[in-house]
Structure formats: structure tokens, C-alpha cells
Amino acid sequence: MAISYQITPSPQKHLYQVQLSFIATSAHQELSLPTWIPGSYMVREFSKNIIALSVSQAQIALSSEQINKNTWLISGLEVGLSVSVNYTVYAYEYGIRTAFLDHTRGYFNPSSLCLAVVGCETSPHKVSFSQLPTDWQVASGLNQTSENTFVAQDYDELLDMPFELGRFKRLEFKVAGVSHYLVLSGTILPFDEARILADMHKVCEYQINLFGGVAPYRDYTFILNLSGEILTGLEHRNSTLLMAPAHSLPNLNRSNDEDYIKLMGLISHEFFHTWNVKRIKPQVFTPYNVYQENYTKLLWWFEGVTSYYDDLVLYRTGIIDQAQYLNIIVENLNNVYKFAGVTQQSVANSSLTSWVKYYRQDENSPNSIVSYYVKGSLVALCLDLLLRSKSQFSLDSVMLHLFKLWQVNPIGVAEDEFPSLIQAATGVDLAEFIQQATETTEMLPYVELLAQFGLDLTTRLAKNHQDSGKFNLSTASAVPLALGDLGAKLEKQALGYVVKNVYVDTPAERAGLAANDLIIALNQVKITNLEKQLGFIQNGESIELTLFRQERLLTLNLELSSCAVKIFELALNDAKLLSNWL
């Protein structure tokens with residue numbers, strides 16, 4: 001029995017009209033919508049956007065009752081007859097996890113639009129579109145059977161297949177004999193098509209070879225929307241939904257490489273998830289329960305290891321050079337260790353509490369949490385270097401071993417299983433290191449490990465909290481001047497600066513500066529460039545900040561001091577030793 005969804009967009013109203021059809025197998029039937037989407041660990045309550053729902057069978061209207069926040073009960077059905085459920089979904093949440101529709105484009109994840117017919121999830125599910133605006137196309141990784149009609153083998157597959165609607169640009173390249181598509185929507189500026197396709201080919205080919213040389217999908221679709229300043233993505237089994245600024249595509253002048261490399265890092269990251277989380281995954285995700293939180297301590301592996309490989313693959317394929325890659329390592333180290341959160345939370349706990357902490361960050365988050373993405377990537381770095389120093393194996397060996405195990409029996413990884421899996425793949429016992437690295441906040445042995453591979457890791461006082469250090473070709477490097485630092489993250493506004501975060505044990509915290517304060521004057525002089533104006537103040541000097549807090553005009557006095565945070569610098573000491581890794 002096939003479950004079918006006919007979707008009709010109303011772009012001007014930001015509404016999708018959905019007609020769900022199925023054959024009744026009992027007198028009562030529940031319909032339910034997921035509360036979260038795999039890969040993004042926060043309850044999002046997609047059902048809040050369902051506006052109206054009506055049911056009919058044999059053209060006779062039936063009653064339905066909503067029995068909880070995301071479930072409807074239909075009663076009085078006649079077994080064997082087709083049921084038609086019509087409902088409307090409001091879709092104007094711009095992002096990658098939900099649904100959006102306007103007169104320029106539409107996209108949706110089926111978790112936001114497609115109610116499950118409870119008990120029939122293993123049946124085939126068909127999605128078709130009607131009354132699309134003129135010249136609109138449909139893109140999805142889902143199997144297309146005819147024009148604007150797609151079929152999933154079951155509800156689980158359907159949930160993992162985002163759709164893009166609109167007038168978009170589709171480019172194709174082949175890797176390992178398999179078609180890969182780049183679907184571009186939004187603001188598409190003139191760009192170097194040959195360059196991005198060549199680089200994407202390198203990334204895909206390298207990762208496919210890393211996992212055995214055979215693509216685990218029939219085709220792959222990169223859906224990239226270009227707009228705003230957001231850079232983000234969400235992985236799916238044979239596609240990914242990406243967002244990036246319009247200026248991220250490689251321009252023909254090669255003058256925006258910094259932005260382009262960030263985009264390629266994102267593409268590399270989401271593609272690596274094809275294996276690391278979409279196939280190899282925690283046991284608690286096998287299968288996903290999309291109606292409540294699925295708790296695991298292992299996101300440090302599934303996001304952290306992926307974050308380690310995303311930039312490493314760019315280096316190994318020649319998209320970035322060695323110095324660029326090592327600068328990324330330094331930035332990752334400092335973006336973890338210059339904030340107090342790294343001393344308050346382990347990466348295992350960061351993973352476990354992602355539902356309420358990492359995905360719901362606030363102004364105090366830098367002081368209280370650590371990223372399982374970034375610190376997880378540093379744990380992966382240590383694992384790779386430890387394996388290389390203790391054996392002829394590397395983290396590559398572990399990844400291939402894990403994928404081979406998944407191919408034989410896709411049961412998922414148990415919460416405490418990684419030490420034994422690594423030992424089985426390499427013969428190296430890293431159980432003690434993994435426990436320390438993931439369950440505690442102790443400093444990891446970066447200095448010793450990097451030294452074994454020809455790199456000197458040193459520390460110095462940061463210029464300010466935005467200072468991310470750098471990689472130097474030699475150990476001799478200039479130390480930045482110790483200028484005054486407020487100890488807050490600020491965002492420039494048309495008038496002054498708004499406070500985003502206040503860091504612990506800083507002049508800003510001691511003076512009582514708070515998130516959302518709008519600083520407009522320094523020593524009774526209008527602020528136009530705060531960093532340059534602070535350059536005229538001596539450390540230890542008292543300053544006066546004039547600000548708005550909500551509707552009130554306030555004055556705060558604080559004593560300016562240099563930043564007390566230590567950050568890392570990395571220098572090349574022995575190129576021959578480094579070649580054992582890079």
C-alpha cells in the first residue's frame with residue numbers, strides 16, 4: 001500500500017497545500033509529524049505550522065481530533081477505501097531544517113510537511129507536485145519516477161530527502177561513475193563554474209576512495225541556496241541542503257578565496273557525513289525516533305571527526321596549502337581554549353545536552369559550554385597523531401574499518417564502543433586517552449603530539465578575545481601589542497556597538513556590562529571605531545562607557561586592562577617530521 005502526498009504551493013501566501021492519501025486498514029488511524037530532524041539536535045515542533053486539517057472518505061467528510069501537539073486521530077474509517085487528508089502548512093522559516101516558500105523559491109524537509117500514517121511507515125511513499133509556478137523545477141535526492149513525482153521506499157527514506165523548488169541552476173559532474181549534481185538557487189553572481197566543479201570532484205573522489213572506492217548511493221545532490229550571511233548545511237543520505245552568502249562562489253578574479261574556502265570546507269563536511277553519521281552512526285540513532293530527543297554522548301565523534309576531515313580533505317586534495325591548513329588548526333585550538341566554557345563542560349556532555357545547550361545558545365554560552373564540533377575535531381586530531389606515532393595506521397584506517405563493519409551489520413556504535421573499535425582496526429589501545437579527552441575537561445597533549453610531527457606549539461597573551469593566533473613558518477614571530485581589551489564580543493551598529501557576549505573575569509564583567517547593551521560613547525565621545533579609540537587609552541586607566549540598556553541611558557566605569565587570555569601559536573620546526581602527517 002503506497003502513501004501519497006500531493007503538494008500544491010501557494011507562494012504569495014507562503015503556504016503548502018498537502019493532500020495525503022492512503023487506504024484505510026482499520027476504523028481508527030493516527031497521523032503524526034516529527035518533532036525534530038536528524039542531524040540537528042533540537043526539538044523544533046514542526047506541527048506548529050499546520051493550520052487546518054480535514055478528512056474525507058468516499059467524498060464523505062469525517063471528523064478528526066488532535067490528541068497531542070503533533071498527532072491527529074481519525075475515526076469512523078471504512079477498511080479498504082481510500083482516505084483523503086487535506087491540510088495547510090505555513091512555510092516561511094528561512095534555513096535548512098524546516099520549510100520555506102515565497103514567489104522566488106521553495107524548499108522543505110518532509111519532516112516539516114509530510115504527516116506519517118502511523119503503522120504504515122514501511123510502505124512506499126510517493127510525493128507529487130501540482131500547480132507549480134511557470135518554469136519552476138523540482139530537485140531532490142529522492143528517486144524520480146516521472147515529471148514532478150518522486151517515490152521513497154519507506155517513511156524513513158522520505159524524511160531524509162529535502163526538496164528544492166524554483167528556477168535554479170543545475171550543474172553535473174561524475175565521480176566513480178556516479179552522477180553528482182550542484183543545484184544553485186538564490187543570488188547567483190558570475191562565478192568560476194569550472195573551478196568549483198573541479199574542486200568538488202576532488203573532494204568527492206577523495207572521500208569515496210577513503211571509504212573503499214565505491215559510492216554508497218545511486219546519485220548525489222548538493223542543494224545550495226545563496227543569500228544573506230549564513231553559512232550552514234544539513235546532511236542527508238544522498239544529498240545535502242546548504243546555505244551560503246552569494247559572494248562565497250569562486251569569482252573569476254580569484255579575489256574571494258577566503259570565503260570560497262569556507263564554502264568548500266562546508267561542502268566537504270556535509271559530504272563526509274554520507275559515511276560518518278548517515279551510515280556509521282550511534283546505536284541510539286538506529287533507527288531514529290523522530291518524535292522525541294535521542295540522547296548520545298558520541299556527537300564529538302560524528303561531528304568532531306567530520307570537522308577534522310573537512311579541512312584536512314581540502315589540504316590533501318590541494319585546494320588549500322599546508323600553511324592555510326595549519327592556520328585552521330591554530331584557529332580551532334584558540335576558538336576552544338580562549339573561552340572559559342572549555343573548563344566547564346566535556347565534549348561528551350556537550351553532545352548529551354546539545355538539545356538544550358548547544359542548539360539553544362545564549363549570551364553566556366562562551367563561558368559555560370564547549371563545541372563538540374570544534375573540540376571534537378581537536379580530539380580527532382590527537383587520535384590521528386597518536387595512531388600515526390604508535391603504529392603504521394591512522395584515523396583513515398579506523399574510518400574504513402567502521403564502514404566495512406556497517407556494511408556487514410548496520411547496528412550502530414554503542415556509547416562505550418569506540419576504544420575497542422579503534423583497537424580492532426589498529427591494534428592500539430587508546431581507551432584511557434578517549435576517556436580523558438571526552439569525559440573530562442583536562443587539557444589534551446597537543447604540545448607533545450604536535451612536536452612529534454615537527455611543530456612547535458607555544459602560548460602568548462592574546463591581543464583581545466578576537467585574536468585567533470596564527471601559524472608561522474619559523475619559531476621567531478612578532479608578538480602583538482597588548483592593547484586594552486574590554487572582554488566582550490561586540491557587534492557594530494549604525495549607532496555604536498551592541499554587546500553580544502561578556503566573558504568571565506574581564507573588565508566588562510567586573511563593570512556589569514551585559515548582553516544587548518548598546519554602547520554609544522567612550523569618555524563622553526561618540527563611538528565610531530571602538531578598537532581605534534581604545535588604542536588611545538593606557539592599561540590601568542579608568543574609562544567611562546555611555547550606553548542604552550533597554551530604554552534607559554546608563555553610564556558604567558571600568559578599568560581597562562590588557563587581555564589576560566593566553567592563546568596558541570604554531571610554528572614549523574621540522575618539515576621532514578611533518579611529512580609523516582601532512
Side-chain angles (χ1 to χ4, degrees), residues 1-7 16-58 60-91 97-99 108-128 142-143 150-163 236-237 281 283-295 355 412:
M1 178 185 71
I3 312 297
S4 67
Y5 306 85
Q6 185 180 74
I7 298 173
Y16 289 104
Q17 311 290 338
V18 183
Q19 183 180 68
L20 164 61
S21 301
F22 61 93
I23 303 298
T25 56
S26 68
H28 305 280
Q29 181 63 59
E30 287 187 2
L31 309 175
S32 192
L33 198 67
T35 62
W36 69 286
I37 182 169
S40 185
Y41 307 101
M42 185 177 85
V43 172
R44 296 183 183 275
E45 311 294 20
F46 303 122
S47 60
K48 67 184 179 182
N49 291 315
I50 294 181
I51 297 172
L53 185 147
S54 62
V55 184
S56 64
Q57 188 179 46
I60 298 173
L62 299 177
S63 63
S64 64
E65 176 188 5
Q66 187 167 357
I67 58 176
N68 60 36
K69 64 182 180 180
N70 63 320
T71 306
W72 285 257
L73 175 64
I74 307 170
S75 301
L77 295 172
E78 186 172 340
V79 175
L81 294 184
S82 179
V83 182
S84 181
V85 181
N86 290 277
Y87 57 98
T88 303
V89 180
Y90 179 70
R97 302 170 180 93
T98 50
F108 66 87
N109 290 283
S111 51
S112 294
L113 239 64
C114 298
L115 285 163
V117 181
V118 177
C120 301
E121 289 90 346
T122 59
S123 300
H125 285 61
K126 181 176 73 172
V127 177
S128 61
L142 196 55
N143 186 33
F150 302 80
V151 176
Q153 63 183 3
D154 53 29
Y155 188 68
D156 181 67
E157 183 182 30
L158 175 65
L159 290 184
D160 211 11
M161 298 290 176
F163 286 82
H236 299 277
R237 66 184 66 184
K281 65 181 64 174
Q283 251 180 37
V284 296
F285 290 174
T286 315
Y288 294 104
N289 180 345
V290 293
Y291 302 107
Q292 64 183 46
E293 295 93 332
N294 293 193
Y295 293 106
W355 302 88

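For this chain, numbers begin at 1 and follow the sequence in order.
Counting heavy atoms from C-beta on, the side chains of Phe22 and Val85 come closer than 4.5 Å. Inter-residue side-chain proximity for Val127 and Pro110 is flagged as unmet; no heavy-atom pair is nearer than 4.5 Å. Taking 4.5 Å as the limit, some side-chain heavy atom of Leu31 sits within range of a side-chain heavy atom of Leu20. Tyr288 places none of its side-chain heavy atoms less than 4.5 Å from the side chain of Leu159. Asp156 is listed as a side-chain neighbour of Arg237, based on a closest heavy-atom distance under 4.5 Å. In this structure, the side chains of Tyr155 and Pro124 stay at 4.5 Å or more apart for every pair of heavy atoms. Leu142 has its side chain out of reach of Val151: every pair of non-hydrogen atoms, C-beta onward, lies at least 4.5 Å apart.
Annotation: side chain to side chain contact (heavy atoms under 4.5 Å, CB included) contacts of Thr286 (sequence neighbours excluded): Lys281. With sequence neighbours excluded, the residues forming a side chain to side chain donor-acceptor pair (under 3.5 Å) with Thr88 are Gln17, listed by chain and number. Residues satisfying the side chain to side chain contact (heavy atoms under 4.5 Å, CB included) criterion with Ile60, sequence neighbours excluded, are absent altogether.
The CG atom of Leu53 lies 6.5 Å from the CH2 atom of Trp72; values are rounded to the nearest 0.5 Å. To the nearest 0.5 Å, atom CG of residue Asn70 and atom CD of residue Glu30 are 10.0 Å apart. Interatomic distance, CD of Glu157 versus CG of Asn143, reported as 8.0 Å (0.5 Å rounding). One distance of note links NE2 of His236 with CG of Asp160; it measures 6.0 Å at 0.5 Å rounding. Here Ser32 contributes atom OG and Leu73 contributes atom CG; the two are 11.5 Å apart, rounded to the nearest 0.5 Å. The line from OH of Tyr87 to OG of Ser47 is 11.5 Å long, rounded to the nearest 0.5 Å.
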With side-chain contact (heavy atoms from CB on, under 4.5 Å) as the test, would you mind laying out the steps for Ile51 and Val89 before giving the verdict?
-> CA-CA 6 Å; Ile51 297 172; Val89 180; over 6 Å; no

Verdict with reasoning, Thr35 to Phe46, per side-chain contact (heavy atoms from CB on, under 4.5 Å) = CA-CA 6 Å; Thr35 62; Phe46 303 122; 5.9 Å; no

Check the pair Gln29, Leu77 against side-chain contact (heavy atoms from CB on, under 4.5 Å), reporting the backbone distance first and the verdict last.
-> CA-CA 8 Å; Gln29 181 63 59; Leu77 295 172; 3.7 Å; yes

Could you walk me through whether Gln153 and His125 pass the side-chain contact (heavy atoms from CB on, under 4.5 Å) test, one step at a time?
-> CA-CA 6 Å; Gln153 63 183 3; His125 285 61; over 6 Å; no

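When every heavy atom of Ser64 is checked against every heavy atom of Ile74, the shortest pair comes out as CB-CG1, 4.3 Å. Contact record, Cys114 with Leu158: CB-CD2, 4.0 Å, taken as the closest heavy-atom pair. Shown here for Ile3 and Cys120, the closest heavy-atom pair between the two residues is CD1-CB, 4.1 Å.
Taking the six-membered ring for Trp and thresholds of 30 and 60 degrees, Phe163 and Phe150 have ring planes more than 60 degrees apart, a perpendicular arrangement. Using bins of under 30°, 30° to 60° and over 60° for the plane-to-plane angle, the ring pair Phe285/Tyr41 lands in the parallel bin.
Side-chain N or O atoms of Gln6 include none that pairs as donor or acceptor with a backbone N or O of Val18 at under 3.5 Å. Using modelled atom types, no side-chain atom of Asp154 and backbone atom of Ala152 make a donor-acceptor pair closer than 3.5 Å. At least one donor-acceptor pair under 3.5 Å links the side chain of Gln57 to the backbone N or O of Leu81. In this structure, Tyr5 contributes its side chain and Leu115 its backbone to a donor-acceptor pair below 3.5 Å. A donor-acceptor pair under 3.5 Å is absent between the side-chain atoms of Trp355 and the main chain of Glu293, judged by distance alone. Distance alone, capped at 3.5 Å, places no donor-acceptor pair between the Glu121 side chain and the Ala116 backbone.
No side-chain N or O of Asn109 forms a donor-acceptor pair with one of Ser112 less than 3.5 Å apart.
By the neighbour-count criterion of 12 heavy atoms within 6.0 Å, atom CD of Gln66 is densely surrounded, having more than that number from other residues, nucleotides or ligands.
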